[in-house]
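Single-structure report; data block below.
To find a chain, count down the sequence lines: A is the first, B the second, and so on, and within it residues start at 1.
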Number of protein chains: 2
Amino acid sequence: MSSEKVTLAHVARLAGVSIITVSRVLNNKGRFSEATRARVLQAANQLGYVANTAARSLRGHPTQILGMVIPELVSPYFAELARAAADAASQMGYDLAVFTTSRDPERERERVGALLGGLADGLIIVVPIGSAGFLASLERSRAPVVLVNHFGAPTHLPVVRADSFEGSLAAVRHLLALGHRRIGFITGAAHSSQATERLRAYRECMLAAGLWDERLVRPGDFTQQRGVEAGHELLSLEEPPTAIFAASDLTAFGVIAAAQARGLQVPQDLSVVGFDDIPTAAHSHPSLTTVAHPIQAMGQAMVDLIIKAKAGEQVRDVLVEFPSELIVRESSAPPRIPGEKV
Amino acid sequence: MSSEKVTLAHVARLAGVSIITVSRVLNNKGRFSEATRARVLQAANQLGYVANTAARSLRGHPTQILGMVIPELVSPYFAELARAAADAASQMGYDLAVFTTSRDPERERERVGALLGGLADGLIIVVPIGSAGFLASLERSRAPVVLVNHFGAPTHLPVVRADSFEGSLAAVRHLLALGHRRIGFITGAAHSSQATERLRAYRECMLAAGLWDERLVRPGDFTQQRGVEAGHELLSLEEPPTAIFAASDLTAFGVIAAAQARGLQVPQDLSVVGFDDIPTAAHSHPSLTTVAHPIQAMGQAMVDLIIKAKAGEQVRDVLVEFPSELIVRESSAPPRIPGEKV
DNA sequence: TTGTAAGCGTTATCAA
DNA sequence: TTGATAACGCTTACAA
């Protein structure tokens with residue numbers, strides 16, 4: 001019932017045993033009589049004893065905490081990724097501590113070091129932080145680290161990632177197969193390698209079809225707001241697209257809002273395809289055609305790799321790559337035939 | 001360039017000084033010559049030294065990490081709350097570690113203890129975890145803790161919360177003022193005190209107006225999917241409502257999707273009002289009338305309180321309460337006059 | 001300006 | 001079955 005920190009010493013005094021005995025009982029390690037066991041447990045309970053994680057960690061004991069660094073919490077994609085990792089971690093008896101990226105790369109490096117220096121047993125890094133030099137120092141540290149959706153500088157660290165290229169190809173081909181010829185594209189954030197992959201697929205597909213038109217590409221940033229703006233830009237063109245592929249679902253919803261605000265119907269007047277398959281995609285009207293990553297499986301893979309690395313298994317150069325999948329819903333349909341009665 | 005952990009001892013050996021001197025230089029504390037400073041810095045850099053957070057924490061040094069426990073990451077409201085806290089924390093030189101609630105209350109208690117036991121300097125708890133007994137033990141621990149949106153068991157711990165009752169009243173009155181008489185309501189999750197407040201306001205308002213009808217209330221859980229279902233339920237009534245107030249924006253969007261799927265137009269055929277003002281609310285079509293919490297200010301208040309508590313200021317019984325605000329957008333309008341030409 | 005000694009709370013190793 | 005001792009890496013007091 002005391003205040004301030006309750007240590008093993010307090011429990012030991014109350015139970016009338018030595019510190020180490022208390023430790024043994026609470027960790028269920030070593031031998032002790034049933035009587036002491038009962039007395040220690042009773043004392044610990046009465047005082048509300050909780051082990052000091054810092055001291056344990058210093059002694060080499062794992063914290064059962066996995067750290068995860070993501071660019072932002074409010075993006076549904078990253079939130080889902082974090083949820084998947086948290087679920088997988090929880091199943092393995094770990095807690096997941098989620099951090100968002102700071103703007104300052106130096107601070108970033110410090111934080112990563114701090115996490116690995118006693119706070120977390122492993123680290124899931126969803127953004128390629130900083131330089132190749134930083135990755136190299138992480139490699140050398142032998143700390144359990146896994147990179148997620150890393151497409152950048154080569155590294156020996158284990159990587160879990162999901163395809164964006166093939167899925168985007170499938171999306172554009174889907175629109176082509178429906179009969180669309182003018183297909184707009186709204187990119188993702190400039191620094192994102194996933195965004196680069198999606199643009200690359202769109203570009204390759206449109207070039208191959210002889211339909212490439214630079215004016216149909218608008219810069220985006222994965223947000224809904226930018227989707228509204230870019231949607232209006234594309235629909236204001238002299239020859240507006242009959243379909244728009246957006247690099248994220250949020251952006252796609254922005255496009256749909258822009259179209260509807262102009263009195264257009266989706267998919268009758270405009271087909272829209274997104275990317276991510278956020279929960280909302282299935283429960284909106286029209287429901288959204290989109291490309292999905294197998295997020296649950298990715299979360300599982302991240303945690304598995306960390307745990308393997310902790311156990312000393314060789315994870316150097318391991319690359320776990322997941323496919324993406326086109327999910328056709330209501331927001332894509334054949335273009336209205338020109339002159340067709342509305 | 002070594003692997004494994006680099007400690008002060010390694011740096012000291014390389015720099016040819018004592019451990020404590022390295023510590024002093026790196027912490028910029030105490031006196032030392034410029035020459036040793038340079039040598040130490042060079043050595044630390046070369047070895048890639050990072051301070052071990054566990055050891056520091058054990059010694060009483062703060063970790064500069066604030067913990068935050070939220071029910072889930074994928075809810076936009078909680079994600080925004082976490083973002084706001086992270087921003088505020090960052091400004092004060094802290095990192096924010098976000099944890100999601102586990103189902104197991106015993107594990108929850110352990111985790112909170114672990115966080116306070118050396119990992120985090122303070123804790124922001126967004127859910128009233130467990131019993132009054134648990135709150136009491138937190139109080140006794142004198143640890144820097146702040147409760148967010150706590151409406152439950154009385155406590156002396158500092159609380160930051162935002163109104164849900166007055167905002168909901170304003171929402172329902174807004175619909176009444178527009179001329180609606182049959183106003184449906186979809187509740188939030190059963191265990192949420194915020195949900196309770198919102199239902200209470202709706203009920204009070206409808207009773208006062210003599211318009212209360214139990215059939216117009218449908219259970220929800222804050223999700224979009226449930227909004228679709230409950231929306232269909234309400235719109236299938238013999239006398240369907242002309243307006244629906246949903247306990248969350250996601251649910252409101254589900255209602256809009258359900259209405260649109262039935263060929264109804266929002267707001268012409270059905271007015272919809274949500275709660276939360278998630279980013280999407282402003283960028284959808286129609287944009288969503290909703291009630292907003294001042295999330296940025298709340299995040300600031302949480303961090304301020306933690307820091308005050310850390311500094312030894314008295315925060316016992318402090319209650320910081322924020323108002324909510326009705327934001328009228330496009331999704332609410334007067335009901336169609338019966339018999340009016342469509 | 002620099003170094004020595006002690007201790008934070010816990011657990012591994014050895015002894016009783 | 002139990003206990004004393006040392007050690008994890010770091011920083012605060014005190015000494016040189």
Side-chain angles (χ1 to χ4, degrees), chain A residues 2 4-41 43-44 47-64 110 113-119 121 141 143, chain B residues 2 4-41 43-44 47-64 110 113-119 121 141 143:
Chain A
S2 83
E4 288 298 347
K5 288 176 187 169
V6 180
T7 74
L8 282 183
H10 297 127
V11 180
R13 200 179 315 139
L14 181 59
V17 295
S18 75
I19 290 179
I20 184 64
T21 300
V22 178
S23 170
R24 278 202 271 258
V25 169
L26 295 177
N27 292 325
N28 229 337
K29 234 172 176 181
R31 313 224 164 287
F32 38 81
S33 73
E34 186 51 42
T36 45
R37 189 188 119 88
R39 238 172 337 134
V40 166
L41 253 38
L47 295 174
Y49 170 80
V50 200
N52 182 309
T53 316
R56 274 196 162 164
S57 163
L58 190 55
R59 207 63 195 70
H61 196 286
T63 60
Q64 297 299 106
E110 271 177 34
L115 282 170
L116 262 12
L119 292 193
D121 293 345
S141 80
Chain B
S2 82
E4 289 297 346
K5 288 175 187 170
V6 179
T7 74
L8 280 184
H10 296 127
V11 180
R13 201 180 314 140
L14 181 60
V17 295
S18 75
I19 291 179
I20 183 63
T21 301
V22 178
S23 170
R24 279 201 269 254
V25 169
L26 295 178
N27 291 326
N28 230 336
K29 232 171 177 181
R31 312 224 164 285
F32 38 81
S33 73
E34 187 52 41
T36 44
R37 190 188 119 88
R39 234 165 348 126
V40 167
L41 253 38
L47 295 172
Y49 171 80
V50 199
N52 182 309
T53 316
R56 273 197 164 163
S57 162
L58 192 53
R59 208 62 193 71
H61 196 285
T63 61
Q64 297 300 106
E110 273 177 33
L115 283 170
L116 262 12
L119 293 193
D121 294 343
S141 80

- Query: Given A:Val25 and A:Leu41, is the side chain to side chain contact (heavy atoms under 4.5 Å, CB included) satisfied, shown in steps?
  - Reply: CA-CA 8 Å; A:Val25 169; A:Leu41 253 38; 3.5 Å; yes
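One distance of note links OG1 of A:Thr7 with CG of A:Asn52; it measures 9.5 Å at 0.5 Å rounding. For the atom pair B:Arg59 CZ and A:Leu58 CG, the distance stands at 11.5 Å (nearest 0.5 Å). Considering CG of A:Leu115 and CG of A:Asp121, their distance stands at 11.0 Å, rounded to 0.5 Å.
With axes fitted over five pairs at each extremity, the angle between the ends of the helix from C:dT1-D:dA16 to C:dA16-D:dT1 is 40° (10° resolution).
When DNA chain D is scanned 5' to 3' for any atom under 4.0 Å from a heavy atom of chain A, the first and last hits are D:dT1 to D:dG9.
Residues that satisfy the side chain to side chain donor-acceptor pair (under 3.5 Å) test with B:Thr53, not counting sequence neighbours, are absent from this structure. With sequence neighbours left out, the side chain to side chain contact (heavy atoms under 4.5 Å, CB included) criterion links B:Leu8 to B:Ile19, B:Val22, B:Ser23, B:Leu26, B:Tyr49. For A:Ser57, there are no side chain to side chain donor-acceptor pair (under 3.5 Å) partners two or more places apart in sequence or in a different chain.
Residue contacts shown for B:Thr36 are limited to sugar-phosphate atoms, with no base heavy atom under 4.0 Å away.
Listed here is the closest heavy atom pair of B:Leu47 and B:Val6: O-CG2, 3.4 Å. Annotation for B:Ala15 and B:Arg39: closest pair O-NH1, 2.8 Å, computed over non-hydrogen atoms.
DNA chain C is contacted by both B:Thr21 and B:Leu58; B:Thr21 maps to the nucleotide lying nearer its 5′ end (nearest heavy atom per residue).
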Polar atom pairs (N or O), protein with nucleotides 11-14 of chain C, under 3.5 Å:
residue	atom	partner	partner atom	Å
C:dT11	OP1	A:Asn27	ND2	3.2
C:dT11	OP1	A:Arg56	NE	2.7
C:dT11	OP1	A:Arg56	NH2	3.4
C:dT11	OP2	A:Ser23	OG	2.9
C:dT11	OP2	A:Asn27	ND2	3.3
C:dT11	O2	A:Arg59	NE	3.0
C:dT11	O2	A:Arg59	NH2	3.2
C:dA12	OP1	A:Lys29	NZ	3.0

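Applying the salt bridge (charged side-chain N to carboxylate O under 4.0 Å, His left out) rule to pairs touching residues 21-37 of chain B yields B:Glu34-B:Arg37, sequence neighbours excluded.
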